[in-house]
Each structure stands twice: as structure tokens, then as C-alpha cells.
Amino acid sequence: MDEYIVKNEEETIKVASLLASKINGGELIFAKGDLGVGKTFFFKALGKALGVKRVINSPTFNLIKIYDGKIKNKALTLYHVDCYRLEGVDEKRKDLGLDEVIGESDKLVYVEWPEYADEYTKNYLPRIEIDISYISEFERRIVVNYEK
């Protein structure tokens, strides 16, 4: 487990870059934290560190956005998933189809609001959990936990 206290966006970008340096492909990342705490910003920084050239924005209304990046000079497809709108959906939390891409060595799946994701993603190991919490208006605690 790694824990960081960040005071601005630049420090958050550094934490995301550190995580990017540990990415091998095939990771499932769960991003947890209150609304507006910085989960999407963290993905933007992670994506840029992984070579995404396009503008990265929130997939809240699309549920999933897909980006091309690279890792160690090989192609990496990043799936940015926002399950916030799935809260209360009874039909098995709506099948997102992520079981088709999770664990693939040329993919990375980043899930915001994983508590609303389908059952498959909840039980997948190994995964990385990122918990971002408010300390103050400008400070955040970022805890990165590697579960095997």
C-alpha cells in the first residue's frame, strides 16, 4: 500500500505518473472516493503518463470511453469506466461487458464508482484500488492498494 498527501494538481500528476511506471498491462483499477474528489483528474494524469494523446474527459454520460496509449513501447488500450449512473440499476448492475477485456495484457481498465459495477469486476484479482479522499479544500489523500 502506498499513501500520498497531495496539495495541488502537479503533485497528483506525479502520483499518477508513479503508478503508470508500475503498469504492465492487464490491470483493473478501482477508483474510489466522494463525488468531485478527483478520480477523473487522476485518470487524466494516468492516461497522459501512458501516452494518451487525445483529450480525456469524463465518461459519466457514456459509461465507457476508450483511449489508445502505450506502455514500454507497446500499444495499450485504456478503458475509462464511470459507473455512477448505475446506482440502483437492478438488472444485475447492468452488464458492462468488461469481462471481455479485463486481464488482457494490452488493456487497462479504470473503474470509477466500482461499487456500482457488475459482479465480475467486483471479484476480479489482481487489481489496484485507488482511494482518494478530502483532507481540506486543496489537499487530498491518495491511497494505492495492490490486491493480489
Side-chain angles (χ1 to χ4, degrees), residues 1-88 93-94 96-98 101-118 120-148:
M1 179 177 79
D2 299 325
E3 184 174 340
Y4 308 91
I5 305 299
V6 297
K7 296 178 173 71
N8 53 48
E9 290 181 347
E10 291 78 23
E11 291 180 5
T12 301
I13 291 168
K14 286 180 185 176
V15 173
S17 294
L18 282 171
L19 178 59
S21 72
K22 297 177 182 181
I23 296 293
N24 295 309
E27 286 85 359
L28 172 63
I29 300 176
F30 282 172
K32 300 178 178 184
D34 291 335
L35 190 63
V37 77
K39 297 178 297 294
T40 297
F41 183 82
F42 192 90
F43 178 77
K44 288 178 181 184
L46 181 64
K48 291 299 177 189
L50 291 171
V52 173
K53 303 277 188 242
R54 290 181 29 216
V55 172
I56 297 172
N57 47 36
S58 176
T60 299
F61 297 105
N62 302 70
L63 297 180
I64 300 174
K65 289 200 172 181
I66 302 171
Y67 301 93
D68 294 324
K70 61 172 66 170
I71 182 170
K72 299 175 177 108
N73 293 323
K74 70 176 186 174
L76 180 71
T77 304
L78 290 78
Y79 291 78
H80 185 191
V81 184
D82 188 333
C83 296
Y84 185 73
R85 290 182 45 233
L86 297 180
E87 180 182 16
R93 296 289 188 203
K94 194 168 184 172
L96 297 174
L98 295 176
V101 296
I102 291 174
E104 296 289 324
S105 64
D106 62 343
K107 313 261 189 297
L108 177 137
V109 179
Y110 183 95
V111 180
E112 295 185 33
W113 302 98
E115 60 270 31
Y116 305 137
D118 63 31
Y120 180 82
T121 59
K122 288 182 180 182
N123 297 317
Y124 182 83
L125 289 176
R127 71 173 167 254
I128 300 169
E129 291 192 1
I130 300 170
D131 194 345
I132 305 173
S133 57
Y134 290 104
I135 294 175
S136 68
E137 182 180 353
F138 298 106
E139 288 184 303
R140 305 287 190 270
R141 174 178 288 112
I142 301 174
V143 177
V144 181
N145 189 26
Y146 304 89
E147 293 191 27
K148 298 180 179 185

- Mind checking what makes side chain to side chain donor-acceptor pair (under 3.5 Å) contact with Glu137, not counting sequence neighbours? none

- Can you name the closest pair of heavy atoms from Lys53 and Lys48 and give their distance? O-NZ, 3.5 Å

- Of the non-hydrogen atoms in Leu76 and Gly25, which two are nearest, and what is the gap between them? CD1-CA, 4.1 Å

- Note on the structure: Looking only at heavy atoms, the pair that brings Leu19 and Tyr146 closest together is CD1-OH, 3.8 Å

- Query: According to the interplanar angle, ranging from 0 to 90°, do the rings of Phe42 and Tyr110 count as parallel (below 30°), tilted (30 to 60°) or perpendicular (above 60°)?
  - Reply: parallel

- Checking Lys39 side chain against Gly33 main chain: does a donor-acceptor pair fall under 3.5 Å? yes

- Task: State which residues pass salt bridge (Lys or Arg N to Asp or Glu O under 4.0 Å) with Glu129; sequence neighbours excluded, sorted by chain then number.
- Result: Lys32, Arg127

- Message: Set out, in order, the CA-CA distance, both residues' side-chain angles and the distance that settles side-chain contact (heavy atoms from CB on, under 4.5 Å) for Asp106 and Lys74, then state yes or no.
- Response: CA-CA 8 Å; Asp106 62 343; Lys74 70 176 186 174; 5.8 Å; no

- Query: Does any N or O in the side chain of Arg54 come within less than 3.5 Å of the main-chain N or O of Tyr67, such that one atom is a donor and the other an acceptor?
  - Reply: no

- Message: Run the side chain to side chain donor-acceptor pair (under 3.5 Å) test against Asp34 and tell me which residues pass, sequence neighbours left out.
- Response: none

- Item | Partner residues of Asn57 under the side chain to side chain donor-acceptor pair (under 3.5 Å) criterion, sequence neighbours left out | Lys65

- Drop me the distance from Ile142's CD1 to Ile135's CD1, to the nearest 0.5 angstrom. 9.5 Å

- Query: What distance do Ile71 atom CD1 and Glu27 atom CD have between them, rounded to the nearest 0.5 Å?
  - Reply: 6.5 Å

- Please report the shortest heavy-atom distance between Ile102 and Val109, naming the atom on each side. CG1-CG2, 4.1 Å

- side chain to side chain donor-acceptor pair (under 3.5 Å) involving Lys72 - partner list, sequence neighbours excluded: Asn24

- Query: Knowing that exactly one of Leu108, Ile23, Asn145 qualifies, which makes a side chain to side chain contact (heavy atoms under 4.5 Å, CB included) with Ile128?
  - Reply: Ile23

- Query: Taking it one step at a time, do Leu35 and Trp113 satisfy side-chain contact (heavy atoms from CB on, under 4.5 Å)?
  - Reply: CA-CA 9 Å; Leu35 190 63; Trp113 302 98; 4.0 Å; yes

- Task: Determine, stepwise, if the pair Phe41 / Ile13 fulfils side-chain contact (heavy atoms from CB on, under 4.5 Å).
- Result: CA-CA 9 Å; Phe41 183 82; Ile13 291 168; 4.0 Å; yes

- Selection residues 2-20 - residue pairs positive for salt bridge (Lys or Arg N to Asp or Glu O under 4.0 Å), sequence neighbours left out: Asp2-Lys22, Glu3-Arg141, Lys7-Glu139

- Task: Over all heavy atoms of both residues, which pair between Pro114 and Ala31 is shortest? Give the atoms and the distance, please.
- Result: CD-O, 3.4 Å

- Worked check of side-chain contact (heavy atoms from CB on, under 4.5 Å) between Ile56 and Leu78: CA-CA 11 Å; Ile56 297 172; Leu78 290 78; over 6 Å; no

- Tyr4 vs Val144 side-chain heavy atoms within contact, under 4.5 Å: yes

- Task: Give, for atom NE2 of His80 and atom CD1 of Ile64, the distance between the pair rounded to the nearest 0.5 Å.
- Result: 11.0 Å

